[in-house]
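The chains referred to below are lettered A, B, ... by the order of the sequence lines, with proteins before strands, and numbering in each begins at 1.
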Amino acid sequence: MDAGECSTSKPPQPSAASPSSPTVWARLVPADSACPTVEVAEDDSVVCSLVAPPCGGEEVAWCEIRRNAGDASSATIRNLSSDAIIVDGRIVEQECVDIKPGSEIVSGPQKEGHLIYTFEITEAEDHEKKNVKIVLDIENAKCSICLNLWHDVVTVAPCLHNFCNGCFSEWLRRSSSNSRDKSQSAACPQCRTTVQSVGRNHFLHNIEEAILQAFSSLQRSDEEIALLESYASVKSNMVLGQQKNQSRKRRFSRSSDDTDNSDLPCPQCRNEFGGFRCSPGSVHLQCSGCGGMMPARSNISIPQKCLGCDKAFCGAYWYSQGVSSSHCNLICNQDTLKSIYQRHISALPDTIHGGNPYEKDITERCIQQSGKTLQVVISEWISKFDNMEIDRSRLQLNNVDAITSRTYICNHCYSKFVDFLLYWFRVSLPQNLLPRDAAERESCWYGFMCRTQHHRPDHAKKLNHVCRPTRGNQP
Amino acid sequence: MVDVSRVQKELTECNRDREVSGVSIALHDGANISHLTGTIAGPADSPYEGGTFVIDIRLPGGYPFEPPKMQFITKVWHPNISSQNGAICLDILKDQWSPALTLKTALLSLQALLSSPAPDDPQDAVVAQQMLDGKIGYKYNHYLRDYPTFAATARYWTEAFAKSASTGMEEKVQKLVEMGFPEDQVRSALKSVDGDENMALEKLCSGSG
């Protein structure tokens, strides 16, 4: 228990009380009316007053008086002096005992030679407290997981639903262990919004405690509380679903050229490159790869955005402007935005065929069996794509109809493009060219749309998923 | 360890308005709280109207963080429910479960499923059922291609299995006896009207008048 700072008590002023003074809730009235009355305030529990009869003597800190929580008509007194005191006729050493209005308190080990006080609670002063009574349906203060009053309530963002810390933590633990990449992730139990962060809600915690004071029957058993607290894992605000590969933020290093635009991270705001320098107020694009800025320019031949996802990438632009990372800038590699025909591929992406490792393996074996390299196979199918020989409706990119082998796309969209080409490579492959174990499989009814293949390895292996769905909503 | 406190609250809440909601839950044998029996009324304007369907409910140790295991005891002709073992294809009883859902909301979802079959349920459940019940594909095609015949079959199964005369017979006898009619007359009247309580009541009233 914290001991408060010593402070001089004020002499009694019955006619007026300053609004800015601490709330006085109790008094010690001396038996000797010649001595001053001692006031006890909310945040000033250490009593510093006379203890010996000669008035005008030195004041000392000899006891501490605190209001009892929940009980407006009782308090506790702790003896802070080196000697004993007498409370209601009982000797009290350095300890804490209960007192009530009318209690007689002697500031020393005997009445002779020490001041005698009477403890009083000032009811009138309580009216200065600014309490607002609100109507609250207790059902709205219950956790929707355990259906009981919140315990150590936490709030999830962005939807702001509230749960017991223990209940939500257990759900988070189970959801995370079920998720594919084992990252911390969960849907809100109440509305299924993906939870981005979670933290304790201290305001609701106070409401929780107020309700328990008013309705003690809602108090949980000790075992139940112990169980909940063993589950609870939210200590402070937690951000969930943190990506493994966060965007690399550009580190701006100030050069000797200290101009008015020196705060802007865009290389062309400070220097002229490729015959161009940004003017004040130039519109800039932020690169989705490195987070750096580049001027938005529509009159140049090199694209600044990926046509597959419409996101900005700066690698191709800075390369065309003659800017490299040696110019004290961290910028994307040129490879982050390239045309399809300029790209080279030597290994199948793991995302191929919806991330199904068995189908990826089969495709790998088919390519090996054909005697061609992966690059050759992809080049052949890029030609078919350019010649409009392939149905493009399944290609999950923006601006599908505008894409040719000359189109600039980012690495992520290129993986999708390769996945698309290899789907057609597989479905157009004659049955007798498939490995025996693959040729013998039945096709999954849901085909490439199948969700089960992601969490049931035996299903992913046993049935063919590189096929059109024959059930469900067909695209 | 099942959250006993929550389940008790759920039982109270579910049975409070059973007349309005048409769903109810009881302990299966009173021995432990993790084995329950639910009942749902067949939804109006569906082939299952008028039927009472009994559902076996088992709560895993991780409930409510894991979904309850439910299966129909009453035989029902429905594309998402196995005719042989009562296994149910419903996403909230599998991967779409949330701990804020309750037994009552799950039963209400089953009631809704009877009204509206869900053909797009994930493959694994369908495959699992296919192995147990070769008719699943047949029922689904039946539902899609020849709904009138499907509805007639479903209605017939409802009449045959979900409206059993023996089900609730003792309840009806007790209710009519409490109205003051002699028990032998009550049983005779109920039998003559195939267990229809209202018609039995009319018969008894006209007989005594």
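A pairwise comparison of heavy atoms in A/Trp171 and B/Trp97 identifies CH2-O, 3.6 Å as the closest pair. Across all non-hydrogen atoms, the minimal contact from B/Ala100 to A/Pro189 is CB-O, 3.3 Å. Closest of all the heavy-atom pairs between A/Ile145 and B/Pro64 is O-CG, 3.9 Å. Considering all non-hydrogen atoms of both residues, B/Glu66 and A/Arg174 come closest at OE2-NH1, 2.8 Å.
Heavy atoms closer than 4.5 Å to chain B are found nowhere in A/Gln453, neither backbone nor side chain. For A/Arg220, no part lies near chain B; criterion is any non-hydrogen pair under 4.5 Å.
Residues A/Asn148 and B/Lys9 meet the side-chain proximity criterion, which asks for heavy atoms closer than 4.5 Å.
Taken to the nearest 0.5 Å, the OG atom of B/Ser98 stands 5.5 Å off from the CZ atom of A/Arg192. B/Phe65 contributes atom CZ, which lies 5.0 Å from atom SG of A/Cys167 (distance to the nearest 0.5 angstrom). For the atom pair A/Thr452 OG1 and B/Asp95 CG, the distance stands at 8.5 Å (nearest 0.5 Å).
Applying the 6.0 Å contact sphere to CG of A/Asp350 captures no more than 12 heavy atoms from other residues, nucleotides or ligands.
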